[in-house]
Colleague: 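Could you have a look at this structure, given as structure tokens, before my questions?
Heavy atoms only: backbone and side chains are in, while hydrogens, waters and symmetry mates are out. In this chain, numbering begins with 1 at the start of the sequence shown. Since we're looking at a predicted model, the values are computed, not measured.
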Amino acid sequence: MMGYTMSWAAFAAVEVMSSPRFALKRVGYLAACQGLDQPENSPVVLLTTNLLQKELRGANVVNTTTGKGGENIYHAGLAINCLSNIATEDLGQALLPELLHMLNHPSPYIRKKALLCLYK
């Protein structure tokens with residue numbers, strides 16, 4: 001940001017990304033996208049692999065009373081967007097199966113995000 005490195009805030013961004021509140025999670029994903037200037041050299045990207053997997057798998061959880069996925073699809077949308085911005089070779093290999101599974105998701109929002117991420 002403005003020519004300065006934000007590597008000192010990378011771990012804090014991962015902590016905020018794991019928040020259950022959507023507003024905080026959104027800020028964390030934005031900080032990760034903007035703050036990781038060299039994701040292939042950052043050890044924090046390895047920490048995000050498990051978090052992104054959890055978010056992508058959470059989009060498939062369906063509420064039994066309403067039959068809808070609820071807000072989990074928006075959490076997964078944030079994760080897919082962040083993945084498209086910070087993707088490295090190792091992160092891509094680890095998350096490709098989940099991302100390919102998202103292409104068959106019932107929500108067009110998730111299918112669109114997954115397709116655009118694969119395109120990038």
Side-chain angles (χ1 to χ4, degrees):
M1 307 235 0
M2 298 183 73
Y4 297 105
T5 180
M6 296 233 351
S7 61
W8 55 271
F11 188 73
V14 173
E15 287 181 1
V16 176
M17 286 166 56
S18 63
S19 172
R21 292 184 50 203
F22 182 74
L24 292 176
K25 191 176 291 249
R26 187 173 171 189
V27 170
Y29 278 114
L30 178 64
C33 291
Q34 298 293 318
L36 293 174
D37 52 349
Q38 295 178 345
E40 58 275 350
N41 296 333
S42 176
V44 177
V45 175
L46 296 175
L47 297 173
T48 62
T49 304
N50 197 20
L51 179 64
L52 292 172
Q53 280 180 339
K54 185 179 85 168
E55 294 288 348
L56 292 177
R57 289 180 183 153
N60 294 325
V61 176
V62 176
N63 189 346
T64 56
T65 58
T66 62
K68 295 185 178 181
E71 66 183 28
N72 288 338
I73 63 169
Y74 299 109
H75 292 247
L78 284 175
I80 293 170
N81 186 34
C82 182
L83 174 62
S84 68
N85 289 317
I86 66 166
T88 62
E89 186 177 342
D90 296 332
L91 195 60
Q93 287 176 354
L95 296 176
L96 183 64
E98 283 85 6
L99 201 56
L100 290 175
H101 185 67
M102 292 289 120
L103 292 175
N104 296 325
H105 196 273
S107 170
Y109 174 76
I110 295 294
R111 289 193 308 260
K112 179 182 76 169
K113 291 272 190 184
L115 186 63
L116 289 173
C117 182
L118 287 172
Y119 181 70
K120 275 189 167 181

Colleague: With clusters defined by side-chain heavy atoms of hydrophobic residues (ILVMFWY) lying less than 4.5 Å apart, directly or transitively, does Val16 cluster with Leu51?
Modeller: no
Colleague: Output, in order, the C-alpha distance, side-chain angles, deciding distance and verdict of side-chain contact (heavy atoms from CB on, under 4.5 Å) for Thr48 and Leu83.
Modeller: CA-CA 9 Å; Thr48 62; Leu83 174 62; over 6 Å; no
Colleague: Rounded to the nearest 0.5 Å, how far apart are CD of Glu98 and NZ of Lys54?
Modeller: 14.0 Å
Colleague: How far does CE of Met17 sit from CD of Glu55, to the nearest 0.5 angstrom?
Modeller: 8.0 Å
Colleague: Can you tell if the side chain of Leu78 reaches within under 4.5 Å of the side chain of Phe22, non-hydrogen atoms only?
Modeller: yes
Colleague: What's the spacing between Cys82 SG and Gln34 CD if we round to 0.5 Å?
Modeller: 10.5 Å
Colleague: Are Leu52 and Tyr29 side-chain neighbours, meaning at least one heavy-atom pair lies under 4.5 Å?
Modeller: yes
Colleague: Work out which heavy atom in Arg111 is nearest to a heavy atom in His105; give both atom names and the distance.
Modeller: NH1-O, 2.8 Å
Colleague: Taking atom CG of Leu116 and atom CD1 of Ile80, what is their separation to the nearest 0.5 Å?
Modeller: 10.0 Å
Colleague: How long is the gap from CG on Leu91 to CD on Gln53, to the nearest 0.5 Å?
Modeller: 9.0 Å
Colleague: How many angstroms lie between atom OG of Ser84 and atom CG of Asn81, to the nearest 0.5 angstrom?
Modeller: 4.5 Å
Colleague: Please tell me if the side chains of Ile110 and Lys113 come closer than 4.5 Å, counting only heavy atoms from C-beta onward.
Modeller: no
